[in-house]
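Chain A is the first sequence line, chain B the second, and so forth, proteins listed ahead of strands; every chain is numbered from 1.
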Amino acid sequence: MDRTKIADALGGESQGQEITIAGWVRTVRHSKGGFSFIALNDGSCFAQIQVVADNTLANYDSEILHLTAGCSVIASGKLVASEGKNQSVEIQSTEIRVIGKSDAEKYPIQPKRHSFEYLRTQGHLRSRTNTFGAVARVRNRICSAIHEFFQQRGFLYVHTPIITTSDCEGAGEQFNVTTLQMNDIPRNDDGGVDFSQDFFARPTYLTVSGQLEVEPYCCSLGDVYTFGPTFRAENSNTPRHLAEFWMVEPELAFADLQCDMDLAEAFLKHIFRAVLEDCREDMQFFNERIDKTVIETLTHVIESDFERVTYTKAIEILTQTDRKWEYPVEWGCDLQTEHERFLTEEVFNAPVILTDYPRGIKPFYMRCNDDKKTVAAMDVLVPKIGEIIGGSQREERLDVLLKRMEQCGMDISEYWWYIDLRKYGTIPHAGFGLGLERTVQFATGMANIRDVIPYPRTPRNAEF
RNA sequence: UCCCCGAUAGCUCAAUUGGUAGAGCGAGCGGCUGUUAACCGCUAGGUCGUAGGUUCGAGUCCUACUCGGGGAGCCA
């Protein structure tokens, strides 16, 4: 079938031509004048196209008059200038084939506003709505912008494994991967699980981060990035957490924390610029119906220089304000959501990059600073979301790394391959992780992370 | 996992101090209309999340559980 996408039809270039479009009915209005108006959407853009159906159509009485929301149709006709006010062009149809009916009494997506909570129970159909169609298109554009950004800069896309044996040191609780039967688990003499009988003959997990596996590629091929799903078995019930989410993790070769921060800032700006430029209609919708400040916020991020502040300086700011904190602030403590939001929303009113955190609250692989107290870490904080990027320069000095792993009580033998990178041609390198869904949230203004991923996985929830 | 709030028609919500359930939207039918989240009229539709308890009487009060939302922790 030679199908014209509705986005192209509305572009108007084929005006005056005979075209065929296909999609799902949003609304139908019948006129006693002997014709009907069908608003058709095919997902190619936010807008519907209006199909005018005349009662001279063979199936006008038998089918067109009974069309309802959700029906799928293929319509052919001439693309003409519209007499109506809300669209410049419309299709004067010569044939409309009803492909799939949709029982209006039972169709879960009514032509009215639904709550997002309700639509989550209709995960297979919610992409038929304005909001979820727009989210899907923006999410897609963000993903293409991510690849675009790195490919333009000569970064290599590396696929790190989903099933891993390393835990990336405290990045989060992990899901076990096993083929052992739950009701018949083989035991060792000491009562522990006998993993030698498992598929991989050892405990394995779903990845919580591709960082450790992408570093070797960085230390041989230069600038690289990994981009894929990650999993956390944390019992987190918040609008900002998922058990399965997507993460982008670039790793820069021969680079320090400054390079890392420059990259992160340019990266975020590239993504938001792409969304604003290429998803105008969708963004207009989000700005009108979801968050009235979202376009302004994104524009502000693109145009402003990110504030770069050391952790130590941030603690100073937080202790000198009259603001009362639920969690007390002192040097050495991890910053809480209230602190991060205060800094980015009230003190700087812009994205903030916090750097040089105390060693004690950061993982083993971060590079120790000369002060022996802090590490070369950086977090990018944005309004509303808080931490959107976390990164660091990696510890490239073998002796320092080993000492640090020892202090952290790690089993060094498990990480022999990671340590090898410091033995054979070690280099300074740095990287960060960006949560895709939080980025989509920030770009769209959607309040709940469950509404920016097609099928959210959260504690006690894996429907669809 | 902790704290707070909620669950009533297909959906979004209302129901006074405990007295036996309503609206809007949607749907069906009819009217009107180059309409556009159209408009006007009529109709159908509910063991008030589940299980106990208090009471002459519970949508309303109490307890537990389930699910949902907000905040927090963990983090991306």
Side-chain angles (χ1 to χ4, degrees), chain A residues 26-40 47-54 66 68-70 80-87 90 92 102-122 129-130 168 170-173 207-211 229-249 289 325-327 334-341 361-363 379-382 385-391 432-442 447-453 458-461 463:
Chain A
R26 284 292 178 81
T27 60
V28 190
R29 293 174 293 279
H30 304 293
S31 169
K32 270 296 178 290
F35 43 90
S36 299
F37 301 101
I38 303 161
L40 212 63
Q48 282 94 246
I49 196 164
Q50 176 160 286
V51 177
V52 183
D54 204 83
H66 299 104
T68 55
V80 298
S82 177
E83 295 173 36
K85 296 188 184 76
N86 292 11
Q87 61 277 319
E90 65 189 16
Q92 189 62 52
S102 174
D103 184 344
E105 248 176 304
K106 301 208 176 113
Y107 186 51
I109 310 296
Q110 301 171 350
K112 58 167 287 188
R113 276 194 100 144
H114 291 290
S115 67
F116 293 140
E117 292 81 8
Y118 168 71
L119 289 171
R120 266 172 233 148
T121 69
Q122 306 296 330
T129 65
N130 282 334
C168 210
E173 287 296 313
T207 183
V208 292
S209 163
Q211 183 200 317
T230 46
F231 308 85
R232 305 277 166 92
E234 303 284 350
N235 189 12
S236 296
N237 295 286
T238 86
R240 299 188 306 281
H241 290 86
L242 290 165
E244 177 180 308
F245 64 98
W246 282 61
M247 191 153 62
V248 193
E249 295 170 287
R289 303 291 281 269
W325 303 113
E326 189 183 340
Y327 291 84
D334 213 351
L335 294 183
Q336 304 297 319
T337 303
E338 57 173 343
H339 309 136
E340 294 181 344
R341 291 188 60 169
I361 57 172
K362 289 292 182 184
D379 282 359
V380 181
L381 313 179
V382 293
I385 305 290
E387 186 185 340
I388 196 169
I389 279 180
F432 63 80
L434 171 85
L436 175 66
E437 284 73 19
R438 287 191 184 172
T439 309
V440 180
Q441 271 191 284
F442 187 71
N448 197 309
I449 200 166
R450 298 165 193 211
D451 299 325
V452 298
I453 187 168
T458 54
R460 299 184 306 279
N461 191 347
E463 181 97 49

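Taking atom P on both B:U1 and B:A9, the two are 29 Å apart, rounded to the nearest angstrom. A gap of 16 Å separates the C1' atoms of B:C39 and B:G26, to the nearest Å. Going from the C1' atom of B:A44 to that of B:A27 covers 9 Å, rounded to whole Å. Nucleotides B:G46 and B:G41 place their C1' atoms 24 Å apart, quoted to the nearest Å. Here, B:U8 and B:G30 have their P atoms 33 Å apart, quoted to the whole Å. Going from the C1' atom of B:C40 to that of B:U50 covers 43 Å, rounded to whole Å. Between B:G45 and B:C29, the two C1' atoms lie 15 Å apart (nearest whole Å). Between B:A64 and B:C13, the two P atoms lie 26 Å apart (nearest whole Å).
For a distance-only test at 3.5 Å, the side chain of A:Gln48 fails to qualify as a donor-acceptor partner of the base of B:U36. The base of B:G73 lies outside donor-acceptor range of the side chain of A:Glu326, with no N or O pair under 3.5 Å. At a cut-off of 3.5 angstrom, the base of B:C75 holds no donor-acceptor pair with the side chain of A:Ser236. At a cut-off of 3.5 angstrom, counting only N and O atoms as typed in the model, there is a donor on one side and an acceptor on the other between the side-chain of A:His241 and the base of B:C75. A donor N or O paired with an acceptor N or O is not found under 3.5 Å between the base of B:U1 and the side-chain atoms of A:Glu234.
No side-chain heavy atom of A:Phe442 sits less than 4.5 Å from a side-chain heavy atom of A:Thr439. Taking 4.5 Å as the limit, every side-chain heavy atom of A:Gln48 sits out of range of all side-chain heavy atoms of A:Leu40.
A:Tyr107 comes within contact range of no nucleotide atom at all, as no heavy-atom separation falls under 4.0 Å. No contact: A:Thr439 has no heavy atom under 4.0 Å from any strand. Using a 4.0 Å heavy-atom criterion, one finds that A:Ile388 contacts the sugar-phosphate atoms exclusively. Residue contacts for A:Glu105: at a heavy-atom cut-off of 4.0 Å it reaches the sugar-phosphate backbone alone, with no base atom in range. At the heavy-atom level, A:Leu434 lies nowhere under 4.0 Å from the strands shown. Residue contacts for A:Ala39: at a heavy-atom cut-off of 4.0 Å it reaches no nucleic acid atom on any strand shown. Using a 4.0 Å heavy-atom criterion, one finds that A:Lys106 contacts no nucleic acid atom at all. Among the protein residues, A:Glu90 comes within range of the nucleic acid bases, having at least one heavy atom under 4.0 Å from a base atom.
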Which atom pairs link the protein and nucleotides 38-41 of chain B when you take only N or O atoms and keep those under 3.5 Å?
from  : atom 1 : to      : atom 2 : distance (Å)
B:A38 : OP2    : A:Arg29 : NH1    : 3.0

Grab the N/O contacts between the protein and nucleotides 64-70 of chain B below 3.5 Å, and write none if there aren't any.
from  : atom 1 : to       : atom 2 : distance (Å)
B:G69 : OP1    : A:Arg120 : NH1    : 2.1

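The main-chain N or O of A:His241 is never found under 3.5 Å from a side-chain atom of A:Thr458 such that the two would form a donor-acceptor pair. In this structure, A:Glu90 contributes its side chain and A:Val80 its backbone to no donor-acceptor pair below 3.5 Å. A donor-acceptor pair is defined here as one N or O able to donate and one able to accept, closer than 3.5 Å; such a pair exists between the side chain of A:Gln441 and the backbone of A:Pro239. Of the possible donor and acceptor atoms, none in the side chain of A:Tyr327 sits under 3.5 Å from a partner among the backbone N and O of A:His339. At least one donor-acceptor pair closer than 3.5 Å links the side chain of A:Ser102 to the backbone N or O of A:Ala69. Here the side chain of A:Thr207 pairs no donor or acceptor atom with the backbone of A:Thr230 at under 3.5 angstrom. For the pair A:Ser236 (side chain) and A:Thr238 (backbone), a donor-acceptor distance under 3.5 Å is absent.
Take A:Glu249 and apply the salt bridge (Lys or Arg N to Asp or Glu O under 4.0 Å) test, not counting sequence neighbours, and it matches no residue. Annotation: salt bridge (Lys or Arg N to Asp or Glu O under 4.0 Å) contacts of A:Asp379 (sequence neighbours excluded): A:Lys362. For A:Arg240, there are no salt bridge (Lys or Arg N to Asp or Glu O under 4.0 Å) partners two or more places apart in sequence or in a different chain.
For the atom pair CZ (A:Arg29) and CD (A:Gln50), the distance works out to 6.0 Å, reported to the nearest 0.5 Å. Residue A:Leu335 holds its CG atom at 6.5 Å from CD1 of A:Ile361, rounded to the nearest 0.5 Å.
The side chain of A:Gln336 places an N or O atom within less than 4.0 Å of a non-bridging phosphate oxygen (OP1 or OP2) of B:G73. For the pair A:Ser31 and B:U33, the criterion of a side-chain N or O lying under 4.0 Å from OP1 or OP2 is not met. OP1 or OP2 of B:G73 lies within a sub-4.0 Å distance of a side-chain N or O belonging to A:Thr337.
Atom CD of A:Gln110 is separated from atom P of B:U12 by 9 Å (rounded to the nearest Å). Distance CZ (A:Arg113) to P (B:C11): 17 Å, rounded to an integer number of Å. To the nearest angstrom, P of B:A9 lies 12 Å from NZ of A:Lys112. A:Ile449 has its CD1 atom 13 Å from the P atom of B:G71, to the nearest Å. Taking atom CZ of residue A:Arg26 and atom P of nucleotide B:G26, one finds them 16 Å apart after rounding to whole Å. Across the protein-nucleic acid pair, A:Asp334 atom CG and B:A72 atom P stand 15 Å apart, rounded to whole Å. To the nearest angstrom, P of B:C11 lies 9 Å from CD of A:Gln122. Between the OH atom of A:Tyr118 and the P atom of B:C13 there is a distance of 13 Å, rounded to whole Å.
A:Glu173 and A:Glu234 get closest at one heavy-atom pair: N-OE2, 2.9 Å.
Between B:A76, B:U36, B:G34, one nucleotide has an atom nearer to the side chain of A:Gln92 than all others, and that is B:G34.
B:A76 has its base stacked against the ring of A:Phe245, the centroids being under 5.5 angstrom apart at an interplanar angle below 30°.
With RNA chain B read from its 5' end, the first of the two nearest nucleotides for A:Gly435 and A:Val52 is the one closest to A:Val52.
Stems are defined here as 3 or more consecutive Watson-Crick or G-U wobble pairs with pairing distances under 3.5 Å; those involving RNA chain B are B:1-7 with B:66-72, B:10-13 with B:22-25, B:27-31 with B:39-43, B:49-53 with B:61-65.
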